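Bear in mind the structure is a predicted one, so any value in this text is a computation, not a measurement.
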Amino acid sequence: TSAEDGSTAEIPELVIVNPVARAEGGFTADSMTFNNTRLINQGEDAETVLVAEGSATGVIIASPAEIKANPRFAPITSIDLRNIAGQSETSEFPVNIGSLHVEFANVVDGQPSDMRMVMEGIVLPIEDLDLEPELVGALSQMGYTEPFVVGFTLDGAYAEDADMLTVRSI
C-alpha cells in the first residue's frame, strides 16, 4: 500500500528464482513470476488494473532507504504481462491488452536508458472510439463491426535526470 495515495497491489501468487541478498539491503533474483495480480490506484484518477500472468527478469528488490532516496529506481531488466484488463473511474471504456513486453538495456545502478516496448492485442471496440456517427456508419458498411485489435513496438531511450522518454521509432 502506498502511503501517498492509498494505492495497493495484490499479488496472490509470487515465485522468485535464485534470490541473493544485497549488501545495501534487499536482494537480486534471476526472475520472478506472478499471477492474478490486481493494482488499485486510489488517487485522483482512480483505476483498477488486473494482470492474469506476469514475469520479470534481472530483478533488483531495493532496500527501503534506496527506494526513498530514488523513487524511480528501476527494479528489472525486462517484464512481460499477459491478459491485462483495466478500468478507470474517469473513463467509461475498459482497457484490454493481450500482452506487454518491456526491455530496459544498459541498466546501470538500476537506472535504465535504452528501452523497447511491444504491446499486442489492444482491443478497441468501434463503439468506444470517439468517432463521428457518419464514420461509424461508413466503417460498418465496409464490414468493420468487430473491435479493432492492434499492436505496436516502440524503441526509445529514457533520461532519468530529465524524466523524459525519447521515442526513436514506433
Side-chain angles (χ1 to χ4, degrees), residues 1-89 94-123 149-168 170:
T1 300
S2 168
E4 291 181 21
D5 65 7
S7 297
T8 59
E10 298 171 6
I11 307 172
E13 184 179 327
L14 175 67
V15 177
I16 299 172
V17 178
N18 295 328
V20 176
R22 299 172 64 231
E24 52 274 87
F27 61 90
T28 62
D30 292 341
S31 65
M32 67 180 182
T33 60
F34 42 94
N35 295 312
N36 303 315
T37 300
R38 182 164 53 172
L39 308 170
I40 303 168
N41 176 6
Q42 301 294 337
E44 185 176 316
D45 293 323
E47 61 191 356
T48 300
V49 177
L50 306 173
V51 178
E53 299 175 51
S55 61
T57 61
V59 178
I60 302 170
I61 303 300
S63 70
E66 287 176 296
I67 294 170
K68 187 174 184 178
N70 184 1
R72 292 190 188 115
F73 186 84
I76 56 172
T77 55
S78 73
I79 189 165
D80 286 289
L81 305 175
R82 289 166 295 288
N83 300 321
I84 305 161
Q87 181 67 52
S88 169
E89 287 185 8
V95 174
N96 291 291
I97 302 170
S99 65
L100 170 67
H101 172 78
V102 182
E103 291 178 25
F104 299 101
N106 303 323
V107 176
V108 177
D109 294 328
Q111 302 304 316
S113 55
D114 291 338
M115 58 88 59
R116 176 184 170 105
M117 178 172 61
V118 179
M119 194 177 297
E120 297 176 332
I122 305 166
V123 179
V149 179
V150 299
F152 69 90
T153 299
L154 179 141
D155 287 297
Y158 178 71
E160 169 68 25
D161 56 344
D163 192 21
M164 180 175 67
L165 174 65
T166 301
V167 177
R168 291 190 292 257
I170 191 165

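Nearest heavy-atom pair across F27 and P19 is CD1-CB, 3.9 Å. D114 and A157 get closest at one heavy-atom pair: OD1-CB, 3.8 Å. Shortest non-hydrogen contact noted between I122 and G151 is CD1-CA, 4.4 Å. For V17 against A29, the heavy-atom pair with the smallest separation is O-CB, 3.4 Å.
You'll find the side chain of T28 reaches within 4.5 Å of the side chain of R22, heavy atoms only.
In this structure, CD1 in I16 is found 11.5 Å from CG in D30, a value given to the nearest 0.5 Å. One distance of note links NE2 of H101 with CG of D80; it measures 5.0 Å at 0.5 Å rounding. Note that the CD1 atom of I84 and the CE atom of M119 stand 6.5 Å from one another [nearest 0.5 Å]. In this structure, CD1 on I40 lies 5.0 Å from OG1 on T48, to the nearest 0.5 angstrom. Separating the CD1 atom in I170 from the OG1 atom in T153 is a distance of 9.0 Å, to the nearest 0.5 Å. Distance check: S99 OG to N83 CG gives 8.5 Å after rounding to the nearest 0.5 Å.
Legend: salt bridge (charged side-chain N to carboxylate O under 4.0 Å, His left out) pairs involving residues 149-158, not counting sequence neighbours, sorted by first then second residue: R116-D155.
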Sequence neighbours left out, cut at 3.5 Å: what donor-acceptor pairs do the side chains of residues 53-64 make with other protein atoms?
| residue | atom | partner | partner atom | Å |
| --- | --- | --- | --- | --- |
| T57 | OG1 | T77 | OG1 | 3.4 |
| T57 | OG1 | S78 | OG | 2.5 |
| S63 | OG | E24 | O | 3.4 |
| S63 | OG | E66 | N | 3.2 |
| S63 | OG | E66 | OE1 | 3.3 |

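Applying the side-chain hydrogen bond (donor to acceptor under 3.5 Å, both in side chains) test to R38 and every residue at least two apart in sequence or in another chain returns E10.
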